[in-house]
Amino acid sequence: MSLISKAQKPDSNGRIQHVTPESAGWEYVGFDAYLLKKGQSLKLSSGEKELCLVLVAGFASVKTRHAEFPNLGKRLSPFERTPPYSVYVPHNDEVEVYADSDLELAVCNAPSSGNLPARLIAPEDVGVEQRGKGRNQRLVHNILPDNKEADSLLVVEVYTDEGATSSYPSHKHDQKNSPDETYLEETYYHRFDPEPGFAMQRVYTDDRSLDECMAPYNRDVVTVPRGYHPVATIAGYDNYYLNVMAGPKRLWKFTWEKDHAWVNSDQYPRS
């Protein structure tokens, strides 16, 4: 099974990506991406899933059964590097998105059985942090981290400059009964500036029973069922990716690959 989902031309609803647990061969994470024209609307039912709608680029108004969130949006491109507007939608709800401008919308989903209300996640609610050092630096926007309310979903976006790495040193979170890790499936929705760019992403396990290297292009999705999953950018092209994670326990707990953990230490950058 391929770990990369190539971006498609928009269908009648504007959908360009559709990753389900069935298509990915796992249990929890689902991901869709849409390109809507100004004035276009999109209706969704959450069913047994909770949703996190992320306005990757553009402006929109969002309405659920019990809440309305009009006039959302702050950026016309994710590469403005300002935190996005997002909307959390609980299970058994209906949602309508109206595109107030051309809109790039991500719809993240995972199983849910709780009773949380729909809510707005405004830019000021998003945790912003710089991680790493040297050529391993990246900007992180924590949209729905494990210290914010949700049943399953974890959502974060990451910016990596040309020629740098992220999701590195290599780390994994694929053990269900470990004191050191939580089991979390993960998707990467990639964007590039300028758009013709690509990155290199490797997904691999300690025993190399899984060892796949991919070149995602603009709006491609990489699925990470298990193992390590570093990203390396290419000179000339900045990278953005939106991560969605979910599993049986809503906690981001991981272990480093021992060979490369030193990159976190004072030995790096080396003289």
Main chain of Gly58, side chain of Ser101: is a donor-acceptor contact present, judged purely on distance under 3.5 Å?
no
Can the ring centroids of His173 and His229 be said to lie less than 6.0 angstrom from one another?
yes
Looking at Thr82, is its backbone amide N or carbonyl O close enough to the side chain of Arg75 to form a donor-acceptor pair, meaning the two atoms are under 3.5 Å apart?
yes
Check: Glu50 main-chain N/O paired with Asn109 side-chain donor or acceptor under 3.5 Å
no
For the pair Ser61 (side chain) and Asn71 (backbone), establish whether a donor and an acceptor sit closer than 3.5 Å, ignoring hydrogens and angles.
yes
If you round to the nearest 0.5 Å, how far is CG of Leu103 from NZ of Lys37?
11.5 Å
Does either side chain, that of Glu257 or that of Tyr204, offer a donor lying less than 3.5 Å from an acceptor on the other one?
yes
Is any side-chain N of the basic residue among Asp93 and Arg119 closer than 4.0 Å to the acidic one's carboxylate O?
no
Start with the C-alpha distance between Gln17 and Ser5, add both sets of side-chain angles, then the distance that settles side chain to side chain contact (heavy atoms under 4.5 Å, CB included), and finish with yes or no.
CA-CA 7 Å; Gln17 282 287 358; Ser5 172; 2.6 Å; yes
Among Lys253, Lys176, Lys172, exactly one meets side-chain hydrogen bond (donor to acceptor under 3.5 Å, both in side chains) together with Glu181. Which residue is that?
Lys172
Under a 3.5 Å cutoff, is there a donor and acceptor pairing between the side chains of Asp206 and Tyr228?
yes
Pair Arg135 + Asp161, salt bridge at N-O below 4.0 Å
no
Looking just at side-chain N and O atoms, do Asn142 and Glu129 make a donor-acceptor pair shorter than 3.5 Å?
yes
In terms of relative ring orientation, are His190 and Tyr241 parallel, tilted or perpendicular, with 30° and 60° separating the classes?
perpendicular
Would you find a donor on one side and an acceptor on the other, under 3.5 Å apart, between the side chain of Ser152 and the backbone of Ala110?
no
If you measure from the Lys or Arg side-chain nitrogens to the Asp or Glu carboxylate oxygens, is any gap between Arg250 and Asp146 under 4.0 Å?
no
Is there a side-chain hydrogen bond (donor to acceptor under 3.5 Å, both in side chains) between Glu104 and Tyr189 once you walk through the steps?
CA-CA 12 Å; Glu104 184 173 0; Tyr189 176 64; 2.6 Å; yes
